[in-house]
Amino acid sequence: MPELRLDLRPYPSLEPVRTLLFRQGLQAFVAGGFVRDLLLGRAVKDIDISIDANPLEVARRMADALGGSFVPVSDTTGREVGRVVLPDAIVDFTQLRGTVEKDLAQRDYTIDALAVDLSLYPKPPVIDPWDGLSDVSGKRVRALHPRIFEEDPGRLLRGPRLAAELGFSLEPGTAQRIREQADLLTRVSAERLRDELCKLMASRQAAPYVFLLDDLGLLTHLIPELDESRGVSQPPEHHWDVFRHSLEAVARAEALLSKVDELGGMVGA
């Protein structure tokens with residue numbers, strides 16, 4: 001199979017970032033969602049860069065040099081992240097954990113375990129130790145290894161949310177592991193659950209993935225009140241119980257909004 005290379009030149013904000021990093025003699029790899037979305041032809045604004053240095057110090061210097069804003073944050077596993085907000089991009093710096101392959105091995109899903117070496121700019125080859133490229137082309141969300149949900153239970157919801165955003169399916173083995181470990185979702189903060197659910201609901205076709213959340217056993221943990229509506233009958237003119245009716249309402253609302261968008265496009269034309 002021929003080596004796949006990505007053209008980074010359409011993203012001009014990367015060039016000054018790359019230049020400054022290598023003036024400091026740093027290793028730097030663009031990883032995760034940026035690579036995935038570039039492969040899918042999606043709009044890219046967030047750039048994740050793993051470096052062999054303190055990410056907060058590097059991000060602060062980068063923000064000063066490029067006239068951006070520096071924001072110290074933490075990722076979902078508590079790692080320090082140095083964020084630089086530029087006019088056309090948000091760049092997050094994290095510390096490289098060993099080799100790039102070892103660093104990617106600590107991610108959650110194969111489609112996000114992809115990277116490119118900035119030293120090979122402008123057309124670096126894709127680093128893909130976990131066959132994530134096959135999952136991107138096959139439109140699958142596949143867990144990197146069986147322990148990802150124990151390490152971070154928030155990934156139980158992130159998988160379906162990624163599938164909803166990208167229009168992908170969950171790989172069957174991954175879906176089964178989520179069902180088996182769905183109870184771990186109770187360990188996740190309410191704020192993080194809210195954010196993931198809102199992102200899923202904001203996707204273009206959220207309704208099938210709401211049904212998927214129920215099939216995976218996650219919906220009850222997200223909205224426990226819904227469970228009381230299972231099996232509750234309605235007047236004869238309704239086909240479903242209260243629970244199914246609530247889920248179907250999401251699908252109908254989505255269909256109506258789609259029609260409104262279509263009409264708006266026709267009027268605009």
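In this text the structure is predicted, and so the values were computed from the model without any measurement. Hydrogens, waters and symmetry mates are skipped; everything else that's a heavy atom, side chains included, is used.
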Asker: Which distance, rounded to the nearest 0.5 Å, do you find between the CG of Leu86 and the OG of Ser13?
Answerer: 6.5 Å
Asker: Less than 4.0 Å between a side-chain N and a carboxylate O, is that true for Arg107 and Asp112?
Answerer: no
Asker: Taking Leu133's backbone N and O only, do any of them form a donor-acceptor pair with Asp128's side chain (distance below 3.5 Å, no angle check)?
Answerer: yes
Asker: Tell me, with the steps shown, if Val126 and Leu6 meet side chain to side chain contact (heavy atoms under 4.5 Å, CB included).
Answerer: CA-CA 7 Å; Val126 177; Leu6 288 184; 3.7 Å; yes
Asker: Do Phe22 and Val17 sit in the same hydrophobic cluster, where Ile, Leu, Val, Met, Phe, Trp and Tyr count as joined when their side-chain heavy atoms come under 4.5 Å apart?
Answerer: yes
Asker: Might you point out which heavy atoms bring Asp117 and Ala28 nearest each other, and give the distance in Å?
Answerer: OD1-O, 3.6 Å
Asker: List the steps, then state whether salt bridge (charged side-chain N to carboxylate O under 4.0 Å, His left out) holds for Arg192 with Asp152.
Answerer: CA-CA 12 Å; Arg192 187 174 173 197; Asp152 178 5; 2.7 Å; yes
Asker: Under 4.5 Å between any side-chain heavy atoms of Ile90 and Ile47, yes or no?
Answerer: no
Asker: Can you tell me how far the CG atom of Asp48 sits from the CZ atom of Phe34, to the nearest 0.5 Å?
Answerer: 10.0 Å
Asker: About how many Å separate CD of Glu196 and CE of Met201, when rounded to the nearest 0.5 Å?
Answerer: 14.0 Å
Asker: State whether the side chain of Ser50 and the backbone N or O of Thr94 hold a donor-acceptor pair below 3.5 Å, judged by distance alone.
Answerer: no
Asker: Going hydrophobic residue to hydrophobic residue with side-chain gaps under 4.5 angstrom, can you get from Tyr121 over to Leu4?
Answerer: yes
Asker: To the nearest 0.5 Å, tell me how far Arg42 CZ sits from Asp37 CG.
Answerer: 4.5 Å
Asker: Output the distance between atom CG (Leu216) and atom CZ (Phe211), rounded to the nearest 0.5 Å.
Answerer: 13.5 Å
Asker: Quick check: does any side chain N or O of Gln24 sit under 3.5 Å from a backbone N or O of Leu20, one acting as donor and the other as acceptor?
Answerer: yes
Asker: Tell me whether Leu66 is reachable from Leu56 by hopping between hydrophobic residues (I, L, V, M, F, W, Y) whose side-chain heavy atoms are closer than 4.5 Å.
Answerer: no
Asker: Closest approach of Leu14 and Ile49, non-hydrogen atoms and distance?
Answerer: CD2-CD1, 4.4 Å
Asker: Using a 4.5 Å cut-off on heavy atoms from C-beta on, say whether the side chain of Leu114 contacts that of Leu39.
Answerer: yes
Asker: Ser169 versus Lys139: any side-chain heavy-atom pair under 4.5 Å?
Answerer: no
Asker: Can you check whether Ile148's main-chain N or O pairs, donor with acceptor, with Arg155's side chain at less than 3.5 Å?
Answerer: yes
Asker: What's the shortest heavy-atom distance between Phe168 and Asp135, and which atoms?
Answerer: CE2-O, 4.1 Å
Asker: Begin with the C-alpha distance, continue with both residues' side-chain angles, and end with the deciding distance and a verdict on side chain to side chain contact (heavy atoms under 4.5 Å, CB included) for Gln27 and Leu21.
Answerer: CA-CA 8 Å; Gln27 275 191 305; Leu21 288 172; over 6 Å; no
Asker: Would you say the side chain of Val81 lies within less than 4.5 Å of the side chain of Pro55, judging by non-hydrogen atoms?
Answerer: no
Asker: Taking side chain as C-beta onward, heavy atoms only, is Thr110 less than 4.5 Å from Asp131?
Answerer: no
Asker: Quick check: closest heavy atoms across Pro12 and Asp88, and the distance to 0.1 Å?
Answerer: CG-OD2, 4.4 Å
Asker: Identify the heavy atoms of Ala63 and Ser69 that sit nearest to each other, and give their distance.
Answerer: CB-C, 3.9 Å
Asker: Apply salt bridge (charged side-chain N to carboxylate O under 4.0 Å, His left out) to residues Arg97 and Asp103 and explain how you reach the verdict.
Answerer: CA-CA 5 Å; Arg97 296 166 289 190; Asp103 191 80; 3.1 Å; yes
Asker: Can you spot which of Arg142, Arg158, Arg147 makes a salt bridge (charged side-chain N to carboxylate O under 4.0 Å, His left out) with Asp108?
Answerer: Arg158
Asker: Could you check if a side-chain atom of Phe93 sits within less than 4.5 angstrom of a side-chain atom of Val84, using non-hydrogen atoms only?
Answerer: yes
Asker: Any side-chain to backbone donor/acceptor pair from Gln181 onto Leu184? Under 3.5 Å, distance only.
Answerer: no
Asker: Closer than 3.5 angstrom, by distance alone: can the side chain of Arg161 be matched with the main-chain N or O of Lys199 as a donor-acceptor pair?
Answerer: no
Asker: Report the distance from atom NE2 of His145 to atom CD of Gln106, rounding to the nearest 0.5 Å.
Answerer: 8.0 Å
Asker: Side chain to side chain contact (heavy atoms under 4.5 Å, CB included) with Leu157: which of Ile178, Leu162, Leu185?
Answerer: Leu185
Asker: Donor-acceptor pair, Asp214 side chain versus Leu219 backbone, under 3.5 Å?
Answerer: no
Asker: Would you say that Pro125 contacts Val116 through its side chain, given a criterion of any heavy-atom pair below 4.5 Å between the two side chains?
Answerer: no
Asker: Could you tell me if the side chain of Val44 sits less than 4.5 Å from the side chain of Tyr11, heavy atoms only?
Answerer: yes
Asker: Which heavy-atom pair separates Val188 from Gly154 by the least distance, and what is that distance?
Answerer: CG2-N, 3.5 Å
Asker: Does Tyr109 use its side chain to pair, donor to acceptor, with the backbone of Gly132 at less than 3.5 Å?
Answerer: no
Asker: Is there a side chain to side chain contact (heavy atoms under 4.5 Å, CB included) between Leu166 and Arg36 once you walk through the steps?
Answerer: CA-CA 10 Å; Leu166 302 172; Arg36 177 200 70 218; 3.9 Å; yes
Asker: Do Arg5 and Glu3 sit within salt-bridge range, that is, some charged N less than 4.0 Å from a carboxylate O?
Answerer: yes
Asker: Regarding Glu15 and Arg18, does a basic nitrogen lie under 4.0 Å from an acidic carboxylate oxygen?
Answerer: yes
Asker: Would Ile51 and Leu96 count as a side chain to side chain contact (heavy atoms under 4.5 Å, CB included) here? Give the steps.
Answerer: CA-CA 5 Å; Ile51 55 174; Leu96 193 65; 5.9 Å; no
Asker: Cluster question for you: counting only ILVMFWY and a side-chain heavy-atom cut-off of under 4.5 Å, with indirect links fine, are Val35 and Leu120 together?
Answerer: no
Asker: Hey, is the main chain of Asp183 close enough, under 3.5 Å, to the side chain of Thr186 for a donor-acceptor pair?
Answerer: yes
Asker: So if you build clusters from Ile, Leu, Val, Met, Phe, Trp, Tyr with side-chain heavy-atom gaps below 4.5 Å, do Ile223 and Leu200 land together?
Answerer: yes
